[in-house]
Peer 1: 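I have a structure here, written as structure tokens, and I will follow up with some questions on it.
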Amino acid sequence: MSDSSFDLIVLGAGPGGYVCALRAAQLGFTVALVDKRGTLGGTCLNVGCIPSKALLHSTEVLTAARDHGKKHGITGDIQVDLGALMKNKDSVVKKLVGGVAQLVKARKIQVFQGTASFSGKNTISVSGEKDAEISGKNIVIATGSKSVELPFLPFDGEKIISSDEGIALAEIPEKMVVVGAGAIGLELGTVWQRLGAQVDVVEFLPKIAPTYDEEVSKLAERILKKQGLTFHKSTKVTGSHEGKNGKIVLEAEGSKGKVEFEADKVLVAVGRIPVTEGLKLEEAGIETDDRGRVKVDKNFATNVDGVYAIGDVIQGPMLAHKAEEEGVALAENLAGKAGHVNYGVIPAVIYTDPEIASVGITAEEAKDQGIEINTGKFPLVANGRALATDATDGVVIVHADAKSDRVVGIQIVARNASELIAAAVAHMEYGGSAEDIARTVHAHPTLSEALKEAALAVDKRALHSM
Ligand code: FAD
Ligand code: NAI
């Protein structure tokens with residue numbers, strides 16, 4: 001096999017692509033990994049999951065000291081050095097993308113930096129610093145996604161921005177309007193609000209974090225409002241115009257008619273769309289669906305033999321861990337193993353404080369699907385560790401099938417819910433019942449005891465609440 005011919009070519013080095021490449025190399029394939037970005041790790045490591053979590057952490061440290069320090073004996077005037085905060089974020093990203101590069105090198109994966117396009121069914125042209133023509137027995141499209149641009153509110157990179165700029169502002173805006181109260185809107189809205197911006201969040205639907213239980217959305221709204229975010233629900237953005245003193249005015253229609261918001265920055269976070277432009281999918285005859293996603297079957301195969309797709313560029317939740325699992329499953333399938341992704345048990349988290357996490361179905365989805373459920377709830381205000389650590393805002397909700405007691409969904413609003421949800425995922429992965437959780441020993445004092453109590457509450461026998 002020559003240098004330009006591989007068992008597997010992976011297009012896109014995000015969590016889907018680079019993890020697929022690593023697993024395939026582990027399984028003995030010769031692998032090429034192509035990305036147009038100068039560093040590996042894709043959206044997630046470079047401009048998504050990791051930088052946003054670094055900013056959330058820095059600003060959590062800030063609020064802990066500034067807003068809650070006094071009762072712990074921490075006093076004094078606390079100042080923000082935005083430059084240092086951004087430098088810390090950049091260094092976290094640098095370490096991680098460097099780590100991925102080392103892993104890829106150690107597995108002898110050949111990296112091509114440049115834009116990939118199909119020049120045939122099994123050949124790829126790479127156009128970059130060094131142009132290349134490579135061929136693969138198998139090709140994986142893992143080119144990810146980008147922010148949705150509203151036609152009446154086009155990005156200008158200055159005043160109307162996406163998360164790409166929203167994680168890297170050079171100054172703290174006095175006023176920021178966030179369009180969309182989903183994961184990005186709530187996370188980055190929180191970051192800039194903690195740093196001192198007045199943040200208004202405009203949401204089209206009548207609730208924030210709309211993919212969670214109604215009750216969770218309401219609780220999250222109450223808590224985030226208390227922290228300083230202002231929400232405008234059932235409000236449809238219609239356009240913008242220039243305001244006074246270099247400001248921008250966002251135009252919208254709320255339930256009571258037209259409204260305007262003056263801002264220094266408008267962060268648009270209304271979802272993401274697949275990236276396929278430039279790939280020349282038509283050269284290879286690869287089909288996409290009506291939402292621009294590459295069409296695949298349950299084995300990630302496109303309509304063209306030997307061409308597969310995974311991650312944000314196909315259907316399903318746009319989450320890094322979903323993309324990674326698909327990358328592993330695909331590599332294993334190609335090696336003749338039984339790769340598999342359990343789509344019913346993919347956790348989702350919004351990393352505000354408290355964090356908002358879920359796995360499985362919501363109460364509303366259970367109703368829509370005709371599944372009768374018993375629900376147990378436990379408020380964190382009744383949890384000892386929560387009381388001892390200023391973390392009483394939150395709740396754990398367990399939904400179990402009314403007939404079998406099998407857990408069908410868990411929602412957690414709690415500090416570190418992102419970590420707590422892992423136990424819920426494991427229980428559900430093994431088909432566990434609420435009774436199983438209720439009979440599992442949980443360390444005391446921990447927030448995880450709230451999960452046990454919520455499971456007990458499914459059978460109306462919570463011990464530490466009525
Ligand atoms: P991507 O990570 O998007 O990677 C695709 C890669 O393909 C990119 O590097 C791109 O340069 C490359 N590419 C595209 N076209 C070409 C081409 N023609 N030639 C060569 N290369 C190409 N998810 C979570 O699970 N948890 C989080 O906390 C989280 N936080 C997020 C925060 C933000 C601000 C954003 C924007 C997203 C966040 N996400 C999070 C979502 C997560 O980033 C994505 O789900 C994940 O990155 C998808 O992985 P992927 O491999 O499919 O694609
Ligand atoms: P999202 O889909 O999470 O939320 C978008 C929000 O915008 C929704 O509430 C929607 O109702 C609202 N909306 C849509 N059109 C609107 C309009 N015209 N006006 C006002 N509101 C409107 O999308 P988001 O936040 O942009 O994130 C994109 C993707 O990135 C998501 O799929 C998410 O899973 C992923 N992500 C995940 C994170 C995590 O796991 N913590 C963090 C950030 C992003």
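Excluded from the calculations below are hydrogen atoms, water molecules and symmetry mates; all remaining heavy atoms, backbone and side chain alike, are included. Note that the numbering runs from 1 along the sequence shown for the chain.
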Peer 1: Would you find a donor on one side and an acceptor on the other, under 3.5 Å apart, between the side chain of Thr143 and the backbone of Gly12?
Peer 2: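 No; judged by distance alone, with no hydrogens or angles, the pair does not exist.
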
Peer 1: Does Glu253 reach the main-chain N or O of Lys236 with its side chain, forming a donor-acceptor pair under 3.5 Å?
Peer 2: no

Peer 1: Please list, chain by chain and in numerical order, all residues satisfying side chain to side chain donor-acceptor pair (under 3.5 Å) with Gln193, sequence neighbours excluded.
Peer 2: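 Testing Gln193 for side chain to side chain donor-acceptor pair (under 3.5 Å), a comparison that skips the adjacent residues, returns none.
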
Peer 1: Can a donor-acceptor pair be found, under 3.5 Å and without considering hydrogens, that links the side chain of Glu449 to the backbone of Thr446?
Peer 2: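 Side chain of Glu449 to backbone of Thr446, a donor-acceptor pair under 3.5 Å: yes, one is there.
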
Peer 1: Is it the case that over 12 heavy atoms from other parts of the model lie below 6.0 angstrom from the NE2 atom of His321?
Peer 2: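 More than 12 heavy atoms, drawn from other residues, nucleotides or ligands, come within 6.0 Å of this atom.
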
Peer 1: In Å and rounded to the nearest 0.5 Å, what is the CZ to OG1 distance from Phe261 to Thr235?
Peer 2: 6.0 Å

Peer 1: Got more than 12 heavy atoms from elsewhere within 6.0 Å of CD, Gln369?
Peer 2: yes

Peer 1: Which atoms form the tightest heavy-atom contact between Leu188 and Ser52, and what is the distance?
Peer 2: CD2-CB, 4.3 Å

Peer 1: Could you go step by step and tell me if Asn303 and Lys295 meet the side-chain contact (heavy atoms from CB on, under 4.5 Å) rule?
Peer 2: CA-CA 7 Å; Asn303 60 309; Lys295 269 195 200 170; 5.9 Å; no

Peer 1: Do Ile356 and Val349 make a side-chain contact, defined as non-hydrogen atoms from C-beta onward lying under 4.5 Å apart?
Peer 2: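 Ile356 vs Val349: side chains apart.
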
Peer 1: Counting distance only, does the side-chain N/O of Glu203 pair as donor-acceptor with the main-chain N or O of Ala181 below 3.5 Å?
Peer 2: yes

Peer 1: Rounded to the nearest 0.5 Å, what separation is found between the NZ atom of Lys105 and the CG atom of Leu103?
Peer 2: 12.0 Å

Peer 1: Kindly indicate whether the side chain of Ile124, heavy atoms from C-beta on, has any atom under 4.5 Å from the side chain of Phe112.
Peer 2: no

Peer 1: Mind checking salt bridge (Lys or Arg N to Asp or Glu O under 4.0 Å) for Glu149 and listing every partner two or more places apart, or none if nothing turns up?
Peer 2: none

Peer 1: I'd like to know if Lys175 and Glu262 make a salt bridge, using a cut-off of under 4.0 Å between side-chain N and carboxylate O.
Peer 2: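 Yes, charged N to carboxylate O under 4.0 Å.
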
Peer 1: For Thr276 and Val294, which heavy atoms make the closest approach, and how far apart are they?
Peer 2: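 What the structure gives for the nearest pair is CG2-CG2, 3.9 Å.
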
Peer 1: Are Lys146 and Glu277 close enough for a salt bridge, meaning some N to O gap below 4.0 Å?
Peer 2: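 Glu277 and Lys146: salt-bridged.
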
Peer 1: For Lys53, does the NZ atom sit with more than 12 other heavy atoms under 6.0 Å from it, leaving out its own atoms?
Peer 2: yes

Peer 1: Might you work through the side chain to side chain donor-acceptor pair (under 3.5 Å) test for Asp77 and Gln79, ending with a clear yes or no?
Peer 2: CA-CA 7 Å; Asp77 186 24; Gln79 303 288 330; 2.6 Å; yes

Peer 1: For side chain to side chain donor-acceptor pair (under 3.5 Å), just list the numbers for Asp213 and His399, CA-CA rounded to whole Å, side-chain angles, deciding distance to a tenth of an Å, and then say yes or no.
Peer 2: CA-CA 11 Å; Asp213 264 28; His399 300 304; 2.8 Å; yes

Peer 1: With a cut-off of 6.0 Å (strictly less than), are more than 12 heavy atoms of other residues, nucleotides or ligands near CZ of Phe155?
Peer 2: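 Count over threshold, so yes.
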
Peer 1: According to salt bridge (Lys or Arg N to Asp or Glu O under 4.0 Å), who are the partners of Lys159, at least two apart in sequence or on a separate chain?
Peer 2: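 Result, salt bridge (Lys or Arg N to Asp or Glu O under 4.0 Å) vs Lys159: none returned.
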
Peer 1: Taking it one step at a time, do His241 and Glu260 satisfy side-chain contact (heavy atoms from CB on, under 4.5 Å)?
Peer 2: CA-CA 10 Å; His241 60 264; Glu260 291 193 338; 3.3 Å; yes

Peer 1: So do the side chains of Ile314 and Glu326 get within less than 4.5 Å of each other, counting heavy atoms only?
Peer 2: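 Counting from C-beta outward, Ile314 and Glu326 do come under 4.5 Å.
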
Peer 1: Compare all side-chain heavy atoms of Leu169 with those of Trp192 and state whether any distance is below 4.5 angstrom.
Peer 2: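 Yes, side chains in contact.
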
Peer 1: Side-chain contact, heavy-atom cut-off 4.5 Å: Val100 with Tyr18?
Peer 2: yes

Peer 1: Between the side chain of Asp264 and the main-chain N/O of Glu174, is any donor-acceptor distance below 3.5 Å?
Peer 2: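 Here the side-chain-to-backbone pair exists.
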
Peer 1: Using 0.5 Å steps for rounding, measure from the CD1 atom of Ile50 to the CD1 atom of Ile167.
Peer 2: 11.0 Å

Peer 1: With a 4.0 Å cut-off, would you call Glu215 and Lys377 a salt bridge?
Peer 2: yes

Peer 1: Starting at CG of Leu8, measure out to OH of Tyr308 and round the result to the nearest 0.5 Å.
Peer 2: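 The OH atom of Tyr308 is 9.5 Å from CG of Leu8, to the nearest 0.5 Å.
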
Peer 1: Please check this pair: side chain of Arg415 against backbone of Asp390, looking for a donor-acceptor N/O pair closer than 3.5 Å.
Peer 2: yes

Peer 1: Take atom NZ of Lys247 as the centre, draw a 6.0 Å sphere, and report whether it contains more than 12 heavy atoms from other residues, nucleotides or ligands.
Peer 2: yes

Peer 1: Can you establish whether the number of heavy atoms outside His464 located under 6.0 Å from its atom NE2 is more than 12?
Peer 2: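 Open.
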
Peer 1: So does Glu158 have more than 12 non-hydrogen atoms from other groups sitting under 6.0 Å from CD?
Peer 2: no

Peer 1: Decide if atom CD of Glu171 counts as having more than 12 heavy atoms of other residues, nucleotides or ligands within a radius under 6.0 Å.
Peer 2: no

Peer 1: State, with a plain yes or no, whether a side-chain heavy atom of Thr59 is found less than 4.5 Å away from one of Thr190.
Peer 2: no

Peer 1: Checking Thr302 side chain against Val307 main chain: does a donor-acceptor pair fall under 3.5 Å?
Peer 2: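 Looks like yes, one N/O pair under 3.5 Å.
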
Peer 1: Are Ser163 and Ser147 close enough that some pair of their side-chain heavy atoms sits under 4.5 Å apart?
Peer 2: yes

Peer 1: Could you walk me through whether Tyr343 and Lys322 satisfy the side-chain contact (heavy atoms from CB on, under 4.5 Å) test, starting with their C-alpha distance in whole Å, then the side-chain angles of each, then the deciding distance to 0.1 Å, before giving a yes or no?
Peer 2: CA-CA 8 Å; Tyr343 288 100; Lys322 177 257 191 189; 4.1 Å; yes

Peer 1: Nearest 0.5 angstrom please: Glu419 CD to Leu447 CG, how far?
Peer 2: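 So the CD of Glu419 and the CG of Leu447 are separated by 11.5 Å.
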
Peer 1: Starting from the C-alpha separation in whole Å, work towards a yes-or-no answer on side chain to side chain donor-acceptor pair (under 3.5 Å) for Ser162 and Glu165.
Peer 2: CA-CA 6 Å; Ser162 73; Glu165 294 84 27; 3.3 Å; yes

Peer 1: Do any N or O atoms from the side chain of Ser217 and from the backbone of Ala209 form a donor-acceptor pair under 3.5 angstrom?
Peer 2: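 Yes; judged by distance alone, with no hydrogens or angles, the pair exists.
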
Peer 1: Using a strict 4.0 Å threshold on nitrogen-to-oxygen distance, state whether Lys207 and Glu221 make a salt bridge.
Peer 2: no

Peer 1: Quick one, Ser119 with Glu133, criterion side chain to side chain donor-acceptor pair (under 3.5 Å). Give me CA distance, side-chain angles, the key distance, then yes/no.
Peer 2: CA-CA 9 Å; Ser119 47; Glu133 188 77 14; 2.6 Å; yes

Peer 1: Could you check Val93 against Leu45 for side-chain contact (heavy atoms from CB on, under 4.5 Å), going step by step and ending with a plain yes or no?
Peer 2: CA-CA 6 Å; Val93 169; Leu45 271 62; 5.6 Å; no

Peer 1: Once you round to the nearest 0.5 Å, how far does CZ of Arg194 lie from CZ of Arg66?
Peer 2: 9.5 Å

Peer 1: Quick one, Gln315 and Arg291 - any side-chain contact, counting heavy atoms below 4.5 Å?
Peer 2: no

Peer 1: Tell me if a side-chain donor or acceptor on Asp131 pairs with a main-chain N or O of Ser125 at a distance below 3.5 Å.
Peer 2: no

